[in-house]
S.K.: 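Let me give you the structure first, and then I'll get to my questions.
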Amino acid sequence: EVRLVESGGGLVQAGGSLRLSCAASGLTAEDYAIGWFRQAPGKEREGVSCVRSTDGYTFYADSMKARFTVSSDNARSTLYLQMNNLKPGDTAFYYCAALRGSSYSNCLDYHYRYWGQGTQVPGSS
C-alpha cells in the first residue's frame with residue numbers, strides 16, 4: 001500500500017518562496033521512485049523533480065534546476081520541494097507521485113502509478 005499526502009501549498013507573491021511536503025508511506029522497498037509534478041489550468045502535467053532509490057540521485061526539470069530543491073527529513077519519510085524565486089508561471093496544482101521499481105534513467109520519464117491529492121500554489125493574482 002502506497003500513500004502520498006501533499007501539504008504546504010498556498011498563495012505567494014512573485015519572487016517569494018514556498019516549501020511543499022510529501023508524506024510518503026508504503027515505499028520501504030529498495031526500488032522505487034518518488035517525485036513532484038505540477039499541472040496548471042489548461043496545461044499538460046509536467047515533471048518538476050524526482051528521486052530514484054537505485055542511487056538516490058535527484059533529477060530536476062531543466063527550467064527549475066536553479067530555483068527548486070528537493071530534500072528529505074532525517075527519517076526519509078517526507079519529501080520536500082523548496083521553491084524559491086517563484087514566478088507567475090509556477091502557479092499550478094502540485095502533485096507528489098511514486099512508483100515501485102526504478103532504474104538509472106531520468107525518473108521524470110517514468111510512468112507513475114501512485115499519486116497524492118495535490119496541493120495548490122494559486123499565485124497572487
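As the structure is a computational prediction, the values presented were derived from the model and not from experiment.
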S.K.: With rounding to the nearest 0.5 Å, note down the distance linking CZ in R3 to SG in C22.
M.R.: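 If I round to the nearest 0.5 Å, the distance is 10.5 Å.
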
S.K.: What pair of heavy atoms forms the shortest contact from A40 to T91, and how long is it?
M.R.: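 In terms of heavy atoms, the two residues are closest at CB-O, 3.5 Å.
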
S.K.: Donor-acceptor check, side chain of R67 to backbone of N85, threshold 3.5 angstrom: yes or no?
M.R.: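 Side chain of R67 to backbone of N85, a donor-acceptor pair under 3.5 Å: yes, one is there.
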
S.K.: Would you tell me whether Y114 and R100 have side-chain atoms, one donor and one acceptor, within less than 3.5 Å of each other?
M.R.: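 A donor-acceptor contact under 3.5 Å links the two side chains.
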
S.K.: Decide whether I34 and W115 are clustered together by the hydrophobic rule: side chain heavy atoms of Ile, Leu, Val, Met, Phe, Trp, Tyr closer than 4.5 Å, transitively.
M.R.: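 No, I34 does not connect to W115 through the hydrophobic network.
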
S.K.: On a heavy-atom basis, which atom in T78 and which in S21 lie closest, and how many Å separate them?
M.R.: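 Reported closest heavy-atom pair: CG2-CB, 4.1 Å.
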
S.K.: Salt-bridge test for D31 and R52: reply yes if a basic N is under 4.0 Å from a carboxylate O, no otherwise.
M.R.: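 Not counted as a salt bridge, because no side-chain N and carboxylate O are separated by less than 4.0 Å.
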
S.K.: Linking I/L/V/M/F/W/Y whenever any side-chain heavy atoms sit under 4.5 Å apart, do L27 and Y110 land together?
M.R.: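 No, L27 does not connect to Y110 through the hydrophobic network.
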
S.K.: Please determine whether side-chain contact (heavy atoms from CB on, under 4.5 Å) holds for the pair R38 and R45, giving the CA-CA distance in whole Å, both sets of side-chain angles, and the decisive distance to 0.1 Å.
M.R.: CA-CA 6 Å; R38 70 184 187 184; R45 186 174 61 210; over 6 Å; no

S.K.: Linking I/L/V/M/F/W/Y whenever their side-chain heavy atoms sit closer than 4.5 Å, directly or via other members, would L86 and W36 fall into one cluster?
M.R.: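 Per the 4.5 Å side-chain linkage, L86 and W36 are co-clustered.
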
S.K.: Rounded to the nearest 0.5 Å, what separates atom OG1 in T58 from atom CZ in F68?
M.R.: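 One finds 15.0 Å between OG1 of T58 and CZ of F68.
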
S.K.: Residues two or more places apart in sequence or in another chain: which of them pass ring pair (Phe, Tyr, Trp, His ring centres under 6.0 Å) with Y112?
M.R.: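 Expected list: F37.
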
S.K.: Within the side chain of E6, is there an N or O that forms a donor-acceptor pair under 3.5 Å with the backbone of Y95?
M.R.: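 Side chain of E6 to backbone of Y95: no pair is present.
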
S.K.: If you look at every heavy atom in V70 and S49, which pair is closest and at what distance?
M.R.: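 Shortest heavy-atom contact: CG2-OG, 3.0 Å.
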
S.K.: So, the side chain of Q120 versus the backbone of F93: is there a donor-acceptor pair under 3.5 Å, distance only?
M.R.: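 Not at all, since once roles are kept as given, no pair shorter than 3.5 Å links the two residues.
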
S.K.: Tell me whether Y80 shares a hydrophobic cluster with L20, the cluster being built from Ile, Leu, Val, Met, Phe, Trp, Tyr side chains joined at under 4.5 Å.
M.R.: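 In one cluster: no.
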
S.K.: Using the test side-chain contact (heavy atoms from CB on, under 4.5 Å), find all partners of Q82 that sit at least two apart in sequence or belong to another chain.
M.R.: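 Q82 satisfies side-chain contact (heavy atoms from CB on, under 4.5 Å) with S17, R19, T69, N84 only.
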
S.K.: Do L81 and L79 have side chains that approach each other closer than 4.5 Å (heavy atoms only, starting at C-beta)?
M.R.: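 The answer is no, as the side chains (C-beta and beyond) never meet within the 4.5 Å cut-off.
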
S.K.: Within the structure provided, determine whether V12 and M83 are in side-chain contact (heavy-atom separation under 4.5 Å).
M.R.: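 Not touching, per the 4.5 Å side-chain cut-off.
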
S.K.: Between the main-chain N or O of Q39 and the side-chain N or O of E44, is there a donor-acceptor pair closer than 3.5 Å?
M.R.: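 Not confirmed, E44 side chain does not pair with Q39 backbone.
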
S.K.: Is Y60 reachable from V48 through a run of hydrophobic residues whose side-chain heavy atoms are each under 4.5 Å from the next?
M.R.: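 Both belong to a single hydrophobic cluster.
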
S.K.: Over 60° means perpendicular and under 30° means parallel, so classify the ring planes of Y57 and F59, tilted if in between.
M.R.: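 Ring orientation of F59 relative to Y57: perpendicular.
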
S.K.: Which atoms form the tightest heavy-atom contact between G47 and A61, and what is the distance?
M.R.: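 It is O-CB, 3.5 Å.
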
S.K.: Would you indicate whether the side-chain heavy atoms of C50 and N106 approach each other to under 4.5 Å?
M.R.: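 Contact flag for N106/C50 side chains = yes.
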
